[in-house]
Asks: 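Let me begin by handing over the structure; questions about it come next.
Because only heavy atoms are used, hydrogens play no part in the values below, and waters and symmetry mates are left out as well, while side chains stay in. Quick note: residue numbers are just sequence positions, from 1.
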Amino acid sequence: MSERTTEHAMHRIFTDHESNVRSYCRNFPAIFQSARGAILTDISGREWIDFLCGAGAVNYGHNHPALKRAVLDYLADDGLVHGLDLHSTAKAQFLEAFQSHILKPRSLEYRVQFTGPTGANAVEAAFKLARKVTGRRGIVAFTHGYHGLTLGALAATANNYFRGAANVTMGDVTFMPYDGWLGAGVDTLAVFERYLKDPSSGMDLPAAVVVETTQGEGGINVASVDWLRGLADLCRRYDILLIIDDIQAGCGRTGPFFSFERAQLKPDLVTMSKSIGAYGLPMSLVLIRPDLDVWKPGEHTGTFRGNNLAFIAATAAIETFWVGTEMVRTVRARAGELRESLRAIAAHHAGRIEPRGIGLLQGFACDEPALAKAISRAAFERGLIVECAGAHDEVIKTMPPLTIGSTELARGCDLLREAVDAAVEGRP
Ligand code: PMP
């Protein structure tokens with residue numbers, strides 16, 4: 001591209017040539033060039049604090065030096081980058097680190113299935129395996145849940161904006177009310193159990209339940225520990241497999257490495273993606289309870305299963321952040337600061353916004369979607385990237401890097417406060 005190509009001309013490249021399906025770039029219409037830690041920089045040198053973090057794909061911030069060093073060293077040595085699912089030193093190191101620093105200290109025993117690189121790929125594999133193991137077809141998903149947009153995963157994704165684009169029958173998934181969906185004080189698991197108990201409810205015994213312990217795209221809905229434990233117990237009693245979708249809430253986002261640790265669950269299957277590749281490099285996997293690993297060789301295959309560069313970054317991330325308990329303490333500390341800031345902002349606008357969330361997956365629900373949209377826009381104008389989530393896009397969702405410092409977090413929260421003040425007063 002010629003040096004004289006102006007920013008305006010560059011914008012034209014996207015509007016002229018990229019599909020109408022593009023999304024985030026419409027809300028954050030800068031042309032980004034570089035990124036470091038929590039800071040994104042555009043072609044003219046303007047900076048934004050990143051409270052979006054690739055929707056949870058860069059939990060350790062952008063271009064973290066320890067991860068970058070490992071990736072650069074591997075490339076400099078001509079390490080194997082693509083190898084289908086061939087054995088590689090990079091894969092061996094990742095499996096070893098994951099086993100000794102993540103699974104073993106938590107007394108978890110799983111086989112690791114590497115799927116295609118997206119979250120939806122992992123969800124598809126988990127559903128297929130659950131159906132194969134049980135010989136049943138049904139999956140139970142929850143209201144406001146999000147599990148990806150390929151057809152199998154989409155069938156378990158609740159939002160009709162996404163479902164409406166498919167124009168095919170999406171069967172074999174039943175939606176049950178998530179914790180809190182029927183209002184405070186209503187035990188939604190009792191509703192679910194009523195369906196299971198009654199042979200004339202119309203619901204066949206499902207193969208599996210799929211659930212996010214905190215719904216990200218659905219608007220930061222945090223399931224209670226009691227509800228999660230009750231769900232696991234229900235699954236056990238009715239012989240239904242429990243799939244935890246930890247694609248967004250996992251990898252430390254809510255504090256512990258797995259989001260289900262707060263309820264001390266041992267799911268049958270776990271889907272992981274986004275930050276498991278640590279550097280924003282695509283890699284996804286399914287954790288499989290060993291006795292459920294009934295796949296025949298190559299039965300669920302794909303070209304890009306196991307991204308060696310991602311293995312290198314992921315191993316470095318595990319060794320840098322997840323040996324010992326330092327990371328959990330750090331996230332807890334930053335989460336407390338974020339909670340205080342969001343509470344203070346909300347206190348100024350009581351009745352219009354209400355804080356919610358857990359760990360570094362927090363935000364607030366707005367009384368109308370237009371307000372959330374205006375806040376996100378005003379934040380972008382002021383140098384902060386923060387997105388909307390929820391059934392009506394009425395929730396402001398903040399996902400700062402887990403590695404963000406207190407000062408930078410406070411600066412981001414100041415920008416958010418200014419954006420909320422402006423949006424509530426109808427200023428740009
Ligand atoms: N599950 C959850 C909980 C997610 O948040 C997402 C992505 N937002 C997915 C699945 C799908 O991941 P991908 O977009 O990589 O297919």
Asks: Please determine, by modelled atom types, if Arg253 and Asn59 share a side-chain donor-acceptor pair under 3.5 angstrom.
Replies: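 The answer is yes; a qualifying pair exists.
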Asks: Compute whether any side-chain donor of one residue and acceptor of the other, for Asp42 and Ser44, lie under 3.5 angstrom apart.
Replies: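 Side chains of Asp42 and Ser44: pair found under 3.5 Å.
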Asks: Going by atom types alone, do Ser88 and Asn308 pair a side-chain donor with an acceptor below 3.5 Å?
Replies: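 There is such a pair (donor and acceptor under 3.5 Å, judged by atom type) between the side chains of Ser88 and Asn308.
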Asks: Say whether Asp245 and Thr271, considering side chains only, have a donor N or O and an acceptor N or O under 3.5 Å apart.
Replies: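 Judged by distance alone, the side chains do pair up.
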Asks: Between Glu124 and Thr150, is any side-chain donor less than 3.5 angstrom from a side-chain acceptor?
Replies: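 There is such a pair between these side chains.
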Asks: For Thr330 and Arg334, does a side-chain donor sit closer than 3.5 Å to a side-chain acceptor?
Replies: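 Not at all, the side chains of Thr330 and Arg334 share no donor-acceptor pair under 3.5 Å.
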Asks: Judged by modelled atom types alone, do Trp227 and Thr188 share a side-chain donor-acceptor pair under 3.5 Å?
Replies: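 Trp227 vs Thr188: donor-acceptor pair found between side chains.
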Asks: To the nearest 0.5 Å, how far apart are CD in Gln264 and CZ in Phe258?
Replies: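 Atom-to-atom, Gln264:CD and Phe258:CZ are 14.5 Å apart.
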Asks: Strictly distance-based, threshold 3.5 Å: is any side-chain N or O of Ser259 a donor or acceptor partner for the main-chain N or O of Gly250?
Replies: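 Checking the backbone N and O of Gly250 against the side chain of Ser259, no donor-acceptor pair under 3.5 Å is found.
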Asks: Take Arg417 and Asp414 through the salt bridge (charged side-chain N to carboxylate O under 4.0 Å, His left out) test and state the conclusion after the steps.
Replies: CA-CA 5 Å; Arg417 178 177 45 75; Asp414 282 346; 3.5 Å; yes
Asks: Heavy-atom count around Glu354 CD within 6.0 Å, excluding the residue itself: above 12?
Replies: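 Not buried by this count: 12 neighbours or fewer within 6.0 Å.
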Asks: Side chains of Gln248 and Glu212: any donor to acceptor distance under 3.5 Å?
Replies: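 Not at all, the side chains of Glu212 and Gln248 share no donor-acceptor pair under 3.5 Å.
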Asks: Between the side chains of Tyr238 and Glu193, is a donor N or O closer than 3.5 angstrom to an acceptor N or O?
Replies: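 Judged by distance alone, the side chains do pair up.
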Asks: Please indicate whether His348 has more than 12 foreign heavy atoms, meaning atoms of other residues, nucleotides or ligands, lying under 6.0 Å from its NE2.
Replies: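 Not more than 12 within 6.0 Å, no.
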Asks: Does Arg352 come within less than 4.0 Å of Glu368, counting only side-chain N to carboxylate O?
Replies: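 Counted as a salt bridge, because a side-chain N and a carboxylate O are separated by less than 4.0 Å.
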Asks: Between Arg131 (side chain only) and Arg137 (backbone N and O only), is there a donor and an acceptor less than 3.5 Å apart?
Replies: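 The answer is yes, because a donor-acceptor pair under 3.5 Å joins these two groups.
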Asks: Please tell me whether Arg262 and Thr254 have a donor and an acceptor in their side chains that are separated by less than 3.5 angstrom.
Replies: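 No pair is found: no donor N or O on one side chain lies under 3.5 Å from an acceptor on the other.
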Asks: Side chains of Gln113 and Arg305: is there a donor and an acceptor less than 3.5 Å apart?
Replies: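 Side-chain D/A pair, Gln113 to Arg305: absent.
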Asks: Would you sort out whether Lys128 and Glu299 count as a salt bridge (charged side-chain N to carboxylate O under 4.0 Å, His left out), showing the intermediate values?
Replies: CA-CA 10 Å; Lys128 196 194 270 187; Glu299 204 174 20; over 6 Å; no
Asks: Please check if any side-chain donor atom of Glu387 sits under 3.5 Å from a side-chain acceptor atom of Ser376, or the reverse.
Replies: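 Distance-only check fails for Glu387 and Ser376.
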Asks: Under the criterion salt bridge (charged side-chain N to carboxylate O under 4.0 Å, His left out), I'd like the reasoning laid out for Arg136 against Asp239: C-alpha separation, chi angles, the key distance, then a yes or no.
Replies: CA-CA 11 Å; Arg136 302 177 212 140; Asp239 189 30; 3.1 Å; yes
Asks: Answer yes if the ring centres of His62 and Tyr279 are under 6.0 angstrom apart, and no otherwise.
Replies: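 Judged by ring-centre distance (under 6.0 Å), His62 and Tyr279 do not meet the cut-off.
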Asks: Does a side chain donor of either His349 or Asp421 reach within less than 3.5 Å of an acceptor in the other side chain?
Replies: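 Yes, because at least one side-chain N or O of His349 sits under 3.5 Å from a partner of the opposite role on Asp421.
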Asks: Is the Phe257 ring parallel, tilted or perpendicular to the Phe98 ring (thresholds 30°, 60°)?
Replies: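 Answer is perpendicular, since the angle exceeds 60°.
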Asks: Quick one: do Ile353 and Val420 satisfy side chain to side chain contact (heavy atoms under 4.5 Å, CB included)? Show the steps, please.
Replies: CA-CA 9 Å; Ile353 61 174; Val420 173; 3.8 Å; yes
